[in-house]
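I have placed the structure first, in the form of structure tokens, so that the comments after it can refer back to it.
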Protein chains: 2
Amino acid sequence: MGPKTDRRQQHGEESRQRILDAAVEIAAERGYEGTSMSLVRQRSGMPNSSIYWHFTDKDDLFAAVIDRSYQLWRDRLLDIAVRRDPTLPRLRRFLDVAHSIADSLLERPEFLSLGLMLTLERRPVEAKARERFVEIRAEVHRIARTEFTDILADLPEERRGEFAARLADFTIAATDGYFLAYQLSPDTYDLHGAFATLGTATDALLERWLAES
Amino acid sequence: MGPKTDRRQQHGEESRQRILDAAVEIAAERGYEGTSMSLVRQRSGMPNSSIYWHFTDKDDLFAAVIDRSYQLWRDRLLDIAVRRDPTLPRLRRFLDVAHSIADSLLERPEFLSLGLMLTLERRPVEAKARERFVEIRAEVHRIARTEFTDILADLPEERRGEFAARLADFTIAATDGYFLAYQLSPDTYDLHGAFATLGTATDALLERWLAES
DNA sequence: AAGATACTGGATCGATTAGTCCACTGAGGA
DNA sequence: TCCTCAGTGGACTAATCGATCCAGTATCTT
């Protein structure tokens, strides 16, 4: 059947990406309301009609922006992340995870930046983009839980799940907080130092929980 | 000298407060770009000319909004905070601080909500409001450092300052992160549970640092 | 060749934006 | 009484907002 892929569609897909790339860049530093379609048009070089051909409206564009920026960040994170090595001590593994997160955020801050903005902006009419972020955040939580479950392999099975979930909560919150501190003064903030603290805190917290129970 | 206070000025000050109250409310849930002067006008009931009589422009209004919301939050926090009691164990004191913060944020979330939005929104032309938030954040850091220095009273003096600073960093970042998690799903998130974890983590982290050195 | 499909280019829309202007009011000082 | 002045009311502006419309073009199928 048909040719490899319609050259028209191929060209259209390139346009779509150019629009998305421009929108990701702008949205990450200006938020939803601060990103005007006219700015996206200028920076992407695509005419208005093309933008509205690929995306039904601004909200739809933003949902796609969230998806794309998440994909870019997650791919980077999985690429950086060291392989799971059960022979390493737990603290070392927590620190490795923490530094992987720090690196991925330094290279691809757009997703978290935009996501946190959408978290804070609670406009009366709920946006598709925000819902999309909520879904993705749940997925991130699942991934984190899986990772921690692996690190906690030597714990009794019935405790492992709950501790992993609580550690995921803690890690995600602390990640958001340190990322914000970095955003407040990107030139001077020592993000890796901060994430070293996060790794240590994770280990210390777990130790405390184990002692309590 | 004159009468108690000019009734005109008194009335003007009331108007200023009404404008500010409306602006705080709107800004905390919509950010800078999402807050239109027309919305402030409607919700405050004050005409356009009055708003621009009291504030030179939108940026100036926002700087004042930051100041006011900070003042309200800080007053609430200091009101809630339990007195410093050096006889209590350290963990207990960390937990008390954590719960005070949680309570104050539940009652007056506007300051942090707006401040974090301004942190993330990095428009090309730097806004007065964001600078104001940076200043206030430095003040908060000083206050936190003082509090921790007090809790660490039994530590040798030369270590106390550095540990207090590092604990302040950690606590502020974690507070921001947990606040964000709460904002993402305010109806279901257990903010006090989260801040109990924060208190525990603070104590565990300090213990680890002390053991290391 | 003829038609259908997948986009593009550009003008244009009504609504809303931040901000301005100025006549006006009501209270204070002389 | 008359002047001053802090503050109000509301009409108004230029620019920009998100979104629409439609004729035009290139590439596909038949």
Side-chain angles (χ1 to χ4, degrees), chain A residues 1-20 22-23 26-27 30-65 118 121 123-130, chain B residues 1-23 26-27 30-65 121 123-130:
Chain A
M1 58 143 280
K4 25 309 218 70
T5 33
D6 197 326
R7 253 215 305 246
R8 290 174 301 177
Q9 287 187 354
Q10 205 170 324
H11 186 239
E13 181 56 30
E14 277 169 31
S15 299
R16 202 187 120 98
Q17 291 303 325
R18 285 173 60 188
I19 295 166
L20 269 180
I26 300 166
R30 304 174 82 122
Y32 186 91
E33 308 271 1
T35 301
S36 73
M37 298 305 275
S38 136
L39 206 54
V40 173
R41 175 171 54 73
Q42 287 173 46
R43 190 142 350 161
S44 68
M46 302 301 299
N48 227 334
S49 51
S50 294
I51 300 178
Y52 281 95
W53 196 91
H54 289 288
F55 307 96
T56 65
D57 56 16
K58 190 180 172 179
D59 217 19
D60 186 51
L61 169 62
F62 263 69
V65 161
L118 291 176
E121 284 176 21
R123 260 161 291 113
V125 180
E126 195 74 347
K128 264 188 282 180
R130 193 181 197 268
Chain B
M1 47 137 281
K4 27 301 220 80
T5 33
D6 198 324
R7 258 219 298 249
R8 288 174 302 177
Q9 287 186 355
Q10 204 170 327
H11 187 240
E13 182 53 31
E14 277 169 32
S15 299
R16 201 187 122 98
Q17 291 303 324
R18 285 173 60 188
I19 295 166
L20 269 179
D21 286 341
I26 300 167
R30 304 174 81 121
Y32 186 90
E33 308 270 0
T35 301
S36 74
M37 298 305 275
S38 138
L39 205 55
V40 173
R41 175 171 53 74
Q42 287 173 46
R43 188 138 356 156
S44 67
M46 302 302 297
N48 227 333
S49 51
S50 293
I51 301 178
Y52 281 96
W53 196 90
H54 289 288
F55 307 96
T56 66
D57 56 16
K58 190 179 172 180
D59 217 20
D60 186 50
L61 170 62
F62 263 69
V65 160
E121 284 176 21
R123 259 160 290 113
V125 179
E126 195 74 348
K128 264 188 280 180
R130 192 180 196 268

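These figures come from a predicted structure and were not determined experimentally. Proteins get letters first, then strands, A, B, ... in listed order; numbering begins at 1 in each.
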Figure out the NE2/C1' separation between A/His11 and C/dA6, and round it to whole Å. 11 Å

For D/dA6, take OP1 and OP2 only and decide whether either is under 4.0 Å from a side-chain N or O of B/His54. no

Whole-Å distance, A/Ile19 CD1 to C/dC7 P, equals 11 Å

Show, in sequence, the C-alpha distance, side-chain angles and deciding distance for A/Gln17 and A/Glu13, and conclude whether the side chain to side chain donor-acceptor pair (under 3.5 Å) test is met. CA-CA 6 Å; A/Gln17 291 303 325; A/Glu13 181 56 30; 2.9 Å; yes

Go through the N and O atoms of the side chain of B/Ser49 and the base of D/dG9, and report whether any donor-acceptor pair is under 3.5 Å. yes

Between A/Ile51 (CD1) and C/dG10 (P), how many Å, whole number? 14 Å

Here the distance between atom P of D/dG7 and atom CZ of B/Phe55, to the nearest Å, is 12 Å

Scan A/Thr35 against the nucleic acid and name what it touches under 4.0 Å (heavy atoms): base, sugar-phosphate only, or nothing. sugar-phosphate

Looking at C/dT16, I'd like to know if its phosphate oxygens (OP1 or OP2) sit under 4.0 Å from a side-chain N or O belonging to B/Ser38. no

Using whole Å, report how far CZ of B/Arg41 lies from P of C/dT16. 11 Å

Just the rounded figure in Å: distance from P of C/dC7 to CD of A/Gln10. 11 Å

Pairwise side-chain contact, B/Arg123 with B/Glu33, heavy-atom cut-off 4.5 Å (strictly under): yes

Rounded to the nearest 0.5 Å, what separates atom OG1 in B/Thr35 from atom NZ in B/Lys58? 6.0 Å

Please confirm whether the shortest side-chain N or O distance from A/Ser36 to OP1 or OP2 of D/dT16 is below 4.0 Å. no

Nearest to side-chain heavy atoms of B/Pro47, which nucleotide of D/dT20, C/dG19, D/dT8: D/dT8

CD1/A/Ile26 to CD/A/Gln42 distance, rounded to the nearest 0.5 angstrom? 8.5 Å

Take atom CE of A/Met37 and atom P of D/dA15, then tell me their distance rounded to the nearest Å. 23 Å

Given the structure, check if the side chain of A/Asn48 and the base of C/dG9 hold any donor-acceptor pair shorter than 3.5 Å. no

Between NZ of B/Lys58 and P of C/dT20 the distance, given in whole Å, is 14 Å

Quick one: do A/Phe55 and A/Arg16 satisfy side chain to side chain contact (heavy atoms under 4.5 Å, CB included)? Show the steps, please. CA-CA 9 Å; A/Phe55 307 96; A/Arg16 202 187 120 98; 3.5 Å; yes

